[in-house]
Amino acid sequence: MLNKRKLIKTLLATLMLAALPAAADNPPEGMVDIHYHRPDGKYENWGLHAWKRAPGASDQPLEGVSWFSPLTPTGKDEFGVYWRLAIKDFGSTGKVHYIIHKGDVKEQKGKDMSFDTKEIKDAYVVSGNPAIFKSKAEAQAAVGK
């Protein structure tokens, strides 16, 4: 019975990922995209923990986000999955702080990552690589495509 439940859960997660919309080339005004590529194509249970860091205050996760309930992908395209976030949610600094993770398994060498939305509106992450790429072409070169 346990294997049947696990299979059903996996199939549902796969169907949900397949139904996600593809990303546009550039996010709309006021938004930022974080794209994530896994060479194995397995995105089930990978999520985004994102927070804002206000000067002189403690870190605050985005609304509805906790370590045990990360953001699920907004969409999926030929590169992988992506999350679309409102820049305003990161406060006046416009700096995005995040970790892509599956439970306690973290990408980008387990470090808290961040980038400035004044410089990057489309961030690309490749599984196993600690870099934040500023374009799809740079990320694809890292993958070897």
Side-chain angles (χ1 to χ4, degrees), residues 5-55 57-145:
R5 282 186 182 157
K6 186 175 181 181
L7 176 63
I8 290 169
K9 185 177 177 183
T10 300
L11 287 172
L12 287 173
T14 302
L15 288 172
M16 287 173 48
L17 278 174
L20 293 174
D25 286 340
N26 296 304
E29 186 66 33
M31 305 298 278
V32 62
D33 287 351
I34 299 175
H35 302 265
Y36 176 50
H37 174 79
R38 294 187 56 77
D40 64 10
K42 296 179 181 177
Y43 298 97
E44 182 183 343
N45 297 322
W46 284 94
L48 182 77
H49 186 75
W51 65 94
K52 63 182 173 182
R53 181 170 287 161
S58 61
D59 292 348
Q60 298 175 334
L62 297 189
E63 180 146 352
V65 176
S66 75
W67 187 255
F68 301 104
S69 182
L71 294 168
T72 57
T74 304
K76 185 176 182 184
D77 58 19
E78 76 285 344
F79 183 78
V81 297
Y82 70 94
W83 293 269
R84 177 159 290 156
L85 307 163
I87 294 171
K88 67 177 178 53
D89 291 346
F90 293 94
S92 61
T93 66
K95 196 163 188 179
V96 174
H97 297 271
Y98 74 93
I99 299 172
I100 297 172
H101 70 99
K102 180 178 180 177
D104 288 333
V105 178
K106 304 172 191 173
E107 279 293 356
Q108 296 178 288
K109 295 196 175 191
K111 295 181 180 179
D112 291 0
M113 302 301 293
S114 65
F115 62 89
D116 191 330
T117 59
K118 293 174 187 83
E119 298 172 20
I120 301 174
K121 296 285 193 292
D122 256 335
Y124 291 84
V125 177
V126 174
S127 180
N129 190 314
I132 298 173
F133 297 98
K134 295 180 181 181
S135 73
K136 187 189 295 187
E138 287 178 1
Q140 287 173 323
V143 173
K145 287 187 175 182

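All values below come from the heavy atoms of this structure, side chains included, with hydrogens, waters and symmetry mates left out.
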Report, as yes or no, whether the 6.0 Å neighbourhood of atom NZ on K121 holds more than 12 heavy atoms from other residues, nucleotides or ligands. yes

Under the side-chain contact (heavy atoms from CB on, under 4.5 Å) rule, collect the residues that match up with P130, sequence neighbours excluded. K109

May I ask you to decide if the ring planes of Y124 and H35 are parallel, tilted or perpendicular, using 30° and 60° as cut-offs? parallel

Between CG on residue D33 and CZ on residue R84, distance to nearest 0.5 Å: 4.0 Å

In short, V126 meets E107 closest at the heavy-atom pair O-OE1, 4.5 Å

Exactly one of V65, V81, T74, L85 should register a side chain to side chain contact (heavy atoms under 4.5 Å, CB included) with L48. Which one does? L85

Looking at residues at least two apart in the chain, or sitting in another chain, which of them share a side-chain contact (heavy atoms from CB on, under 4.5 Å) with I132? Y98, Q108, M113, F115, I120, A123

Would a distance-only check, ignoring hydrogens and angles, find a side-chain to backbone donor-acceptor pair under 3.5 Å from W83 to L71? yes

Does S135 have any side-chain contact (heavy atoms from CB on, under 4.5 Å) partners at least two apart in sequence or in another chain, and if so, which? A137, E138

List for me each residue that meets ring-ring contact (aromatic ring centres under 6.0 Å, His included) alongside H97, sequence neighbours excluded, and say none if there are none. W51

Identify the two heavy atoms, one from P39 and one from S127, that lie closest to each other, and give their separation to 0.1 Å. CD-CB, 3.9 Å

Heavy-atom pair with the smallest gap, counting every atom of F79 and K136: CD1-CG, 4.1 Å

Find the distance between CD1 (I34) and CD1 (I100) and round it off to the nearest 0.5 Å. 6.5 Å

Atom pair NZ/CG of K102 and D104 - distance to nearest 0.5 Å: 12.5 Å

When every non-hydrogen atom of W67 is compared with those of G103, the smallest separation belongs to CZ2-O, 3.3 Å

Checking D40 now: which residues fulfil side-chain contact (heavy atoms from CB on, under 4.5 Å) with it, not counting sequence neighbours? R38, K42

When the aromatic ring centroids of H101 and W46 are compared, is their separation below 6.0 Å? no

Pairs flagged by salt bridge (charged side-chain N to carboxylate O under 4.0 Å, His left out) wherever residues 57-71 is involved - sequence neighbours left out: R53-D59

Show your reasoning for whether side chain to side chain contact (heavy atoms under 4.5 Å, CB included) applies to F68 and H49. CA-CA 9 Å; F68 301 104; H49 186 75; over 6 Å; no

Just list the side-chain donor-acceptor pairs under 3.5 Å for residues 87-94, sequence neighbours left out, or say none.
| from | atom 1 | to | atom 2 | distance (Å) |
| --- | --- | --- | --- | --- |
| T93 | OG1 | K95 | N | 3.2 |

